[in-house]
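These numbers were taken from a predicted model, which means no experiment stands behind them.
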Amino acid sequence: MKRLQRMLATILAVAIFLSAYPALAADAIGEAIEEPGMGEIVQKSADGSYELHRIVDDTDYLLPEDNYVNPLLQELLEAYKLDQASRLASGTKAFATQARVSASTRRSTSGLYTADSQKSAATYAAAQSIVMSVMTGLLHLNLYAAACIDAAVAVLGSSINRLMPVKAKTMVSYWYYDRIGSVKNSATGIWVGVVLCEKRLTFKHYWGSFYNTGGVVKQAKEDFNDHAYQAIKNQPSAHYTNDTWIKNTALNYYNNGLGMYHERGW
């Protein structure tokens with residue numbers, strides 16, 4: 001009887017504790033469900049747990065960064081095919097003697113990519129000694145996990161219980177730029193894109209999750225992508241800034257029937 005009373009007392013104590021810290025109750029069952037960030041959705045797994053997943057949708061430019069498909073390339077290809085068909089139908093071999101370089105409007109990823117640094121720590125103090133990276137394998141921008149927690153606390157203007165578990169994550173997003181080399185069809189007077197050079201800028205984002213002093217889980221993200229100079233990696237193609245090369249190459253490819261030329265820096 002006494003053993004049963006002790007068991008009931010223990011169960012009651014745990015229930016009272018978890019009711020005071022509802023987020024911790026979720027952790028007792030499994031990892032607390034995070035709020036989805038930009039470009040992320042919450043999906044229920046087969047085992048009943050919930051996880052964050054990135055959306056993969058080329059209309060939102062949320063493909064893995066190295067498989068990114070530039071929608072402008074397809075547009076230029078279609079216009080080039082129409083021009084070639086017109087030249088063939090007319091029976092005349094129109095040449096181009098004029099070339100120009102234009103820049104497209106900046107295209108930004110509409111979501112965030114989770115980098116390969118995601119860490120958890122039992123306390124804030126432990127997070128101060130855990131090293132994280134942004135874009136490991138491409139560059140080594142190291143920081144301590146506590147930096148992500150500090151960023152989240154600052155963004156929210158919140159208090160933090162330094163004795164409770166914390167989570168940190170580094171994220172990246174991209175800006176894309178294009179420079180197009182076009183030539184003027186001497187017969188139709190239409191400008192045709194022949195050369196496409198791309199550039200990509202990579203930006204960092206810090207995400208942190210923590211318990212405030214009231215026992216409530218808080219999470220926030222700090223962005224560092226307001227200006228181009230904040231980029232942590234700049235990847236222009238080999239000839240991105242060489243307008244003379246772009247124009248000469250456009251004329252050479254067009255007049256010699258070599259098709260289109262496309263290059264990127266990653």
Side-chain angles (χ1 to χ4, degrees), residues 36-41 54-83 98-117 133-139 141 151 155 169-184 190-207 220-250 253-254 260-266:
M38 292 176 60
E40 294 180 318
I41 56 174
R54 282 181 293 164
I55 300 170
V56 179
D57 184 347
D58 58 0
T59 60
D60 288 331
Y61 313 126
L62 290 172
L63 292 168
E65 59 272 14
D66 292 331
N67 296 325
Y68 170 77
V69 178
N70 186 345
L72 178 61
L73 177 60
Q74 187 62 36
E75 293 178 20
L76 293 175
L77 282 170
E78 292 300 325
Y80 183 84
K81 289 177 184 177
L82 289 175
D83 176 81
Q98 298 181 56
R100 67 185 182 188
V101 176
S102 58
S104 70
T105 303
R106 184 193 85 203
R107 289 169 287 110
S108 304
T109 52
S110 60
L112 300 174
Y113 298 87
T114 302
D116 52 3
S117 275
S133 298
V134 179
M135 300 292 287
T136 300
L138 294 180
L139 64 118
L141 178 64
V155 168
K169 181 163 57 179
T170 56
M171 310 175 81
V172 292
S173 62
Y174 306 96
W175 289 0
Y176 294 93
Y177 296 85
D178 306 300
R179 291 187 71 75
I180 305 103
S182 303
V183 300
K184 188 176 184 179
I190 297 174
W191 287 90
V192 183
V194 182
V195 174
L196 175 62
C197 298
E198 296 186 62
K199 178 176 75 170
R200 182 176 74 180
L201 298 182
T202 304
F203 298 88
K204 66 181 180 180
H205 306 262
Y206 293 164
W207 176 93
K221 173 174 57 68
E222 183 175 8
D223 303 311
F224 300 89
N225 65 340
D226 293 326
H227 306 282
Y229 65 77
Q230 293 176 296
I232 60 174
K233 194 172 184 67
N234 182 3
Q235 296 172 290
S237 65
H239 304 96
Y240 183 81
T241 59
N242 191 335
D243 285 5
T244 299
W245 184 93
I246 293 175
K247 287 187 286 187
N248 289 339
T249 300
Y253 268 61
Y254 187 80
M260 289 188 63
Y261 179 88
H262 173 225
E263 67 175 27
R264 56 174 37 169
W266 63 95

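- In this structure, Gly193 and Leu76 approach most closely via the heavy-atom pair CA-CD2, 4.2 Å.
- Distance CD/Gln235 to OH/Tyr177: 13.5 Å, rounded to 0.5 Å.
- Glu222 pairs by the side chain to side chain contact (heavy atoms under 4.5 Å, CB included) definition with Ala151, Val155, Phe224, not counting sequence neighbours.
- The minimum heavy-atom distance between Glu263 and Ser237, with the atom names listed, is OE2-OG, 2.9 Å.
- Remark: Glu78 CD to Leu73 CG distance equals 10.0 Å, nearest 0.5 Å.
- Expressed to the nearest 0.5 Å, how far CG of Asp223 lies from NZ of Lys204 amounts to 11.5 Å.
- Among residues two or more places apart in sequence or in another chain, the side chain to side chain contact (heavy atoms under 4.5 Å, CB included) test is passed with Asn248 by Thr244.
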Step by step, would you call Glu198 with His262 a side-chain contact (heavy atoms from CB on, under 4.5 Å)? CA-CA 8 Å; Glu198 296 186 62; His262 173 225; 2.5 Å; yes
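- Looking at residues two or more places apart in sequence or on another chain, you find a side chain to side chain contact (heavy atoms under 4.5 Å, CB included) between Ala99 and Val183, Lys247, Leu251.
- The shortest non-hydrogen separation linking Ser173 to His205 is OG-NE2, 2.7 Å.
- Every residue meeting the side chain to side chain contact (heavy atoms under 4.5 Å, CB included) condition with Ala103, not counting sequence neighbours, appears here in chain and number order: Arg179.
- Distance check: Asn70 CG to Leu196 CG gives 5.5 Å after rounding to the nearest 0.5 Å.
- Residues passing the ring pair (Phe, Tyr, Trp, His ring centres under 6.0 Å) test with Tyr261 are Trp245, Tyr253, sequence neighbours excluded.
- In this structure, Tyr254 has no ring pair (Phe, Tyr, Trp, His ring centres under 6.0 Å) partners at least two apart in sequence or on a different chain.
- Taking Thr241 as the reference, nothing meets the side-chain hydrogen bond (donor to acceptor under 3.5 Å, both in side chains) condition, with sequence neighbours excluded.
- Taking the six-membered ring where the residue is Trp, His227 and Tyr229 present parallel rings, their angle staying beneath 30° rather than reaching 60°.
- Tyr240 and Ile246 get closest at one heavy-atom pair: O-CD1, 3.9 Å.
- Trp207 contributes atom CH2, which lies 11.5 Å from atom OG1 of Thr170 (distance to the nearest 0.5 angstrom).
- With sequence neighbours excluded, no residue satisfies salt bridge (Lys or Arg N to Asp or Glu O under 4.0 Å) with Asp83.
- In this structure Arg100 satisfies the side-chain hydrogen bond (donor to acceptor under 3.5 Å, both in side chains) test with no other residue, sequence neighbours excluded.
- Of all the heavy atoms in Leu72 and Ser104, the pair that sits closest is CD2-CB, 4.1 Å.
- For Thr249, the side-chain hydrogen bond (donor to acceptor under 3.5 Å, both in side chains) criterion is met by no residue, not counting sequence neighbours.
- For the pair Leu201 and Ala228, the tightest heavy-atom approach, listed with the atom from each and the gap, is CD1-CB, 4.0 Å.
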